[in-house]
Amino acid sequence: MSIILSDISKQFGTFTALNHIDLEIPEGELVALLGPSGCGKTTLLRIIAGLERPDSGRVLLNGEDKTEHHASHRGIGFVFQHYALFRHMTVFENVAFGLRVKDRKSRPSEAMIRKKVHTLLELVQLDWLHDRYPDQLSGGQRQRIALARALAVEPSVLLLDEPFGALDASVRKDLRQWLRHLHHDLNVTSIFVTHDQEEAMEVASQVVVLNHGRIEQQGGPSEIYDNPVNSFVSRFIGHTNIIDTEQVDQIWLSSSGLMPTDASQKVAHVRPHDIEVVKDAEIPSQAVLKDWQHLGSLIRIELVETGLQHFKNPIYAEMPNERFKQLQLDRGDQVAVKIRNARWFH
Amino acid sequence: MNSIALSQPVSQSSRQQQALVDPFWLRALLISIAVGFIILFLILPLIIVLLEAFSKGFGAYVSALAEPDTQSAIRLTLLTALLTVPMNTVFGLTAAWAITRFEFRGKSLLTTLIDLPFSVSPVISGLIFVLLFGSQGWFGHWLAEHDVKIIFAVPGIILATLFITFPFVARELIPLMQEMGSEEEEAALSLGASGWLTFFKITLPNIKWGLLYGMLLCNARAMGEFGAVSVVSGHIRGLTNTLPLHVEVSYNEYDFVASFASASILAGLAIVTLILKTILEWKQQRDRQELSL
Ligand SMILES: Nc1ncnc2c1ncn2[C@@H]1O[C@H](COP(=O)(O)OP(=O)(O)OP(=O)(O)O)[C@@H](O)[C@H]1O
Ligand SMILES: [Mg+2]
């Protein structure tokens, strides 16, 4: 089912949580809603699910206006930030709930319910826990039960509020892949909230960046990463060096290759992998390698000024392991900086 | 209520106790003061009530209770409880729901007002109804014209009891529902459950012990209320006497056996209430401990 939000606004008292949101999500997408804490992600999901009323604007599901429809009639599965499992019911009853509350005509038989619940529990690989209570589960298990419960009623849209928020890094990684595969198998239009940009890039087919209740940018992960429309998105997605060209020595700048093409361009955003270092004392764009860190297949190095160029913040560059070894770099070395690519913002 | 203290591991609390050992004489003194107080003011009166009730033998006790006036007092007391407890249960649920689930202006005022019956003297509560519905009251003239009797009649007793007992259920539920939060209910809604189903399948199982507890206290007070009911009842024997009023009326008429026999019923009610209350508290605690595991 496709989702269209048109001109959604929401105030809490005098605070504007959502400010004229327009969003279109085609059927079958897996969308990441990304933004800093308090930017309105949960509020937006709640409005789509019908748990919150927008002050203005429309919610269209499959082209149908559902703004006035009650949450129970929207056919939207919601996985809550804190799972919200029914604590007085077993895992089995939690998952069966949505089937049991259907009206008599559409309610499946008891045997059908059993079969379906067990199939779902197998899908989330937790059938062996079916007679436990939620407080006897780990965080990751609760998370998957909450997902199975939402899937039981075969929703046409799935909303996940920080599905991996409370989990440790390795479980997160597993569940991410698992969610991606699940989405691939079920092909239900899904939106998941996260404030982890890496997670968004890794899992989603579309990324929506939200800030202060506004959509800053929407697009595919690589589009957002390669072509951020403004300085907020550029800083929020991935690592970025921010270089204020007015504060750096002009000769250093021109020799590093960082040259504005017109006068309005003052602040350059440079991705760490767009910076190259060479050991060449002849080139004026010198810097001191202050420190380096191992990031797995990459090495990140921290460059500070030699004492003449006045760039305020350290510059971070990343390079493959082999390259780092090849250059035989060490802390305290002086290197020349080459900037391959930059984006300009005000 | 004492969730922090309850959820503490046993070993820690016993360690704390050991760290705070007071001298033996102090402990002995405090314990005997407490026990002495309970004997003097709770056990002794209870024994006296029973002794007096049976002072002329078991036969006199039974016939005092079988007396038509006593019987009618018992019936009126039961009727009052039977009407006020369900009404205040519904009211308590509504108020707790509104306060914990909705945002609206005047919410804190409403929360304060719920406590009003606890903070004014019961006699004043009764007087309010006399001022409203009595023959000299605001609506007195209109009521007389339409031949409706409220004061010195059963409706007045029920109204006064309703007013006196309305905080019990609401006060018990508000903290409970606040603690529960609304996420589970929202999850149920998003799974397609109607508002009613959500209430019965999700909310109610989570608050049931607290609700029963509130109803129990409400019932005990509805049956035992004296002050407010005394003001509006008029003490008409066989018509507007509830059990507590009947105790007083018979006592004033030197009919001690009847008076103490009625009192023994109320005392019995108090003991049953106490036992049920303990059971409910224990159940609630157990549920909560399960949650905090
Ligand atoms: N019921 C409410 N009453 C008042 N303010 C609210 C309410 N719900 C949300 N807000 C405010 O609206 C803003 C957006 O809240 P929301 O929960 O949507 O943030 P979020 O993007 O999900 O944040 P997080 O990543 O921390 O979960 C926040 O500043 C929050 O304080
Ligand atoms: Mg949130």
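Numbers restart at 1 for each chain; the letters A, B, ... are given by sequence-line order, proteins then strands. Everything quoted here is computed from the prediction, not taken from an experiment.
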Given side-chain contact (heavy atoms from CB on, under 4.5 Å), test F80(A) with E186(B) step by step and report yes or no. CA-CA 9 Å; F80(A) 288 79; E186(B) 288 173 347; 3.7 Å; yes

Pair L85(A), E184(B) - check side-chain contact (heavy atoms from CB on, under 4.5 Å), show working. CA-CA 6 Å; L85(A) 293 177; E184(B) 285 181 48; over 6 Å; no

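Considering only residues two or more places apart in sequence or on other chains, K208(B) meets the salt bridge (Lys or Arg N to Asp or Glu O under 4.0 Å) condition with none of them.
Within 6.0 Å of NZ in K107(B) there are more than 12 heavy atoms belonging to other residues, nucleotides or ligands. Open room surrounds CZ on F37(B); 12 or fewer heavy atoms of other groups in view lie less than 6.0 Å from it. Counting non-hydrogen atoms of other residues, nucleotides and ligands closer than 6.0 Å to NE2 of H73(A) gives a total of 12 or fewer. Residue-environment remark: NE2 (H195(A)) stays at or below the threshold of 12 foreign heavy atoms within 6.0 Å.
In this structure, the portion of L197(B) lying under 4.5 Å from any heavy atom of chain A is its side chain and not its backbone. There is no contact between L159(A) and chain B, counting heavy-atom distances below 4.5 Å. Contacts between A152(A) and chain B at a heavy-atom distance below 4.5 Å are absent for every atom of the residue. At a 4.5 Å heavy-atom cutoff, the contact between F97(A) and chain B is made by side-chain atoms alone.
Interface check for chain B: of the options L51(A), V153(A), V79(A), the most heavy-atom pairs under 4.5 Å are formed by L51(A).
Side-chain N or O atoms of R149(A) include none that pairs as donor or acceptor with a backbone N or O of L191(B) at under 3.5 Å. Panel note: side chain H82(A), backbone E183(B); no donor-acceptor pair is recorded below 3.5 Å.
Taking OG of S190(B) as the reference point, atom CZ of R74(A) lies at 11.5 Å (rounded to 0.5 Å).
Residues A84(A) and A187(B) share a closest heavy-atom pair of O-CB, 4.0 Å.
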